[in-house]
Amino acid sequence: MKYNRCGRSGLLLPEISLGLWHNFGSVDNFENAESIAIEAFDKGITHFDLANNYGPVPGSAEENFGKILWHNFQGNLRDEIVISTKAGYTMWKGPYGDWGSRKYLLSSLDQSLKRMNVDYVDIFYSHRPDPETPIEETMMALDHAVRSGKALYVGISNYSAEQTRVAVDVLKQLGTPCLIHQAKYSMLERWVENGLLDVLEEKGVGCIAFSPLAQGLLTDKYLNGIPENSRAHNPNGHLKEDEVTEERIQKLIQLNEIAQNRNQSLAQMALAWLQKDKRITSVLIGASSVKQLCNNIDCLQNTEFSHDELNAIESILS
């Protein structure tokens, strides 16, 4: 595992980080989740990413991760891992459990610390911009989280390029630099290339890519259509059936051919493709099993692309 400097900060993050969005909630098998986290750490993944509402049920991923920490990462081991969490999406009913107010963000952070049974998180994010709350208020809440000792660094997620520029400037004025932006980025979701990455590079802010496999679409699972046990087949999943079009399947088949010529799976190639851009600090993966985790980490065995490969990929994706 290689560790990359996050923007112009002193913090190093692993090339691959583990997200606990799925498979770590109260409806999931705890022993399996624990095995994934332990294997990830043993493979060099030091960064574990959560949010207040990860589950289901909301909050249960943090609770389970707190148990995993207690069982396996006592003492100085806490100092060898980076824990991030976020607030910004709906967490509880009523006027104070959503969006970007100072009250919500700081109350949510306190709740997250209790659920995980930790004194601080390494990174606390504003999970999304709030159109009704002044960005200065949201950034002041992040600044306070650091000054109160409840977070070491702060970041933002799902902010546009222009919103990011404003947020970063406000945080700089407050004296708490923005460490990182967590953005949705994959071969099939490339909005960050239209300005955001340029802003992050200019401002010295790191970037971590989430949903790098497009909710599983960039795997061999959909090469023959939609299987019954897939996320697209689940009506409650984030990947919808109408996103798995015949045109997209044909693109996946062509991409898979390139991956096979690289001695990689489609998923491994998709993860490696993101790392070609040095502005990407880390790629955030999920895993439903230790086997899947290890298969994804193996993408690091081949992260170099020839000009012909890159041109062929662009031709397919265009």
When you look at NZ of Lys291, are more than 12 heavy atoms from neighbouring residues, nucleotides or ligands closer to it than 6.0 Å? no

Would Met116 and Glu63 count as a side chain to side chain contact (heavy atoms under 4.5 Å, CB included) here? Give the steps. CA-CA 5 Å; Met116 290 187 280; Glu63 290 176 357; over 6 Å; no

Will you find, in the side chains of Ser126 and Tyr159, an N or O donor that is under 3.5 Å from an N or O acceptor? yes

Please list, chain by chain and in numerical order, all residues satisfying ring-ring contact (aromatic ring centres under 6.0 Å, His included) with Phe48, sequence neighbours excluded. Phe65

Starting from Leu174, can I reach Ile123 by hopping between I/L/V/M/F/W/Y residues whose side chains sit under 4.5 Å apart? no

For the residue pair Pro177 and Lys172, establish whether any side-chain heavy-atom pair is separated by less than 4.5 Å. no

Do side-chain atoms of Ser306 reach the backbone of Glu309 as a donor and acceptor pair under 3.5 angstrom? yes

Side-chain touch Leu20/Leu18, heavy atoms, less than 4.5 angstrom: yes

Can you check whether Asp79's main-chain N or O pairs, donor with acceptor, with Asn76's side chain at less than 3.5 Å? no

Going through the distances and angles, do Asp169 and Lys203 end up as a side chain to side chain contact (heavy atoms under 4.5 Å, CB included)? CA-CA 9 Å; Asp169 287 346; Lys203 298 294 186 180; 2.8 Å; yes

Can you find a side-chain donor-acceptor pair between Thr90 and Asp98 that sits under 3.5 Å? yes

For Asn52 and Ser108, does a side-chain donor sit closer than 3.5 Å to a side-chain acceptor? yes

Interatomic distance, Asn53 atom CG to Lys86 atom NZ [nearest 0.5 angstrom]: 8.5 Å

Can you confirm if the aromatic rings of Phe41 and Phe73 lie within a centre distance of less than 6.0 Å? yes

How long is the span from the CG atom in Leu213 to the CG atom in Leu218, to the nearest 0.5 Å? 6.0 Å

Could you state the interatomic distance from CD1 (Ile285) to CD (Gln292), rounded to the nearest 0.5 Å? 8.0 Å

Test item: Ser60 side-chain N/O and Gly25 main-chain N/O as donor-acceptor pair under 3.5 Å: no

What heavy-atom pair brings Asn302 and Arg262 nearest, and what distance separates the two atoms? O-NH2, 3.0 Å

Keeping to residues at least two apart or across chains, list the side chain to side chain donor-acceptor pair (under 3.5 Å) pairs with something in residues 249-259. Glu246-Gln250

Answer yes if Leu50 and Trp70 sit in the same cluster of Ile, Leu, Val, Met, Phe, Trp and Tyr residues linked by side chain heavy atoms under 4.5 Å apart, and no otherwise. no

Flag for Gln182-Asp49: side-chain donor and acceptor within less than 3.5 Å: yes

Looking only at side chains, do Ser282 and Glu15 share a donor and an acceptor under 3.5 Å apart? no

Compare all side-chain heavy atoms of Trp273 with those of Pro212 and state whether any distance is below 4.5 angstrom. no

Do you see a donor-acceptor pair shorter than 3.5 Å between the side chains of Gln163 and Ser160? yes

Both conditions, 6.0 Å and 45 degrees, for the charged tip of Lys103 above the ring of Tyr96: are they met here? yes

Mind checking what makes ring-ring contact (aromatic ring centres under 6.0 Å, His included) contact with Trp92, not counting sequence neighbours? Tyr104

Contact between Tyr153 and Cys178 at the side-chain level, heavy atoms closer than 4.5 Å - yes or no? no

Non-hydrogen side-chain atoms of Arg128 and Ile156 separated by less than 4.5 Å: no

Nearest atoms (heavy-atom pairs only) where Thr303 meets Gln275: CG2-OE1, 4.2 Å

Verdict with supporting geometry, Val205 and Val168, side chain to side chain contact (heavy atoms under 4.5 Å, CB included): CA-CA 8 Å; Val205 177; Val168 171; 4.0 Å; yes

Beyond-backbone contact of Leu271 with Asn296, side-chain heavy atoms, under 4.5 angstrom: yes

Member of Leu188, Ile249, Leu266 meeting the side chain to side chain contact (heavy atoms under 4.5 Å, CB included) criterion with Leu217: Leu188

Side chains of Met269 and Met187: does their closest heavy-atom pair fall under 4.5 Å? yes

Minimum heavy-atom distance Leu11-Leu13, with the two atoms named: CD2-CD2, 4.0 Å

CD1 on Ile280 to CD1 on Ile208, rounded to 0.5 Å: 9.5 Å

Steps toward side chain to side chain donor-acceptor pair (under 3.5 Å) verdict (Thr85, Glu62): CA-CA 9 Å; Thr85 195; Glu62 289 182 328; 2.5 Å; yes

For Arg165 and Glu162, run side chain to side chain contact (heavy atoms under 4.5 Å, CB included): C-alpha distance rounded to whole Å, both residues' side-chain angles, the deciding distance at 0.1 Å, then the answer. CA-CA 5 Å; Arg165 183 181 294 277; Glu162 187 53 40; 4.2 Å; yes

Looking only at the side chains, is there a donor atom on one of Glu34 and Asn72 sitting less than 3.5 Å from an acceptor on the other? yes

Mind checking the CG-CG spacing from Asn64 to Asp28? Nearest 0.5 Å is all I need. 8.0 Å

Minimum-distance pair of heavy atoms, taken over all atoms of Glu314 and Arg190: OE2-NH2, 2.8 Å

Tyr125: partners by ring-ring contact (aromatic ring centres under 6.0 Å, His included), with sequence neighbours left out: none

In chain order, what residues pass the side chain to side chain contact (heavy atoms under 4.5 Å, CB included) check against Lys43, with sequence neighbours excluded? Glu39, Cys294, Ile297

Derivation of the salt bridge (charged side-chain N to carboxylate O under 4.0 Å, His left out) call for Lys114 and Asp110: CA-CA 6 Å; Lys114 289 179 182 178; Asp110 284 341; over 6 Å; no

Shortest non-hydrogen pair, Leu179 vs Ser9, comes out as CD1-OG, 3.3 Å

Any chance the side chains of Ser288 and His22 put a donor and an acceptor closer than 3.5 Å? no

Check for a donor-acceptor pair, side chain of Thr133 on one end and backbone N or O of Asp130 on the other, with a separation under 3.5 Å. no

Same hydrophobic cluster for Ile68 and Tyr120, using side-chain heavy-atom links shorter than 4.5 Å among ILVMFWY? no

To check you understand the geometry: which heavy-atom pair defines the closest contact between Cys299 and Gln264, and what is its length? O-NE2, 3.5 Å

Just by distance, do the side chain of Tyr3 and the backbone of Gly44 share a donor-acceptor pair under 3.5 Å? yes

Measure the spacing between CG of Leu200 and CZ of Arg279 and express it to the nearest 0.5 Å. 8.5 Å

Under the ring-ring contact (aromatic ring centres under 6.0 Å, His included) rule, collect the residues that match up with Tyr89, sequence neighbours excluded. His127

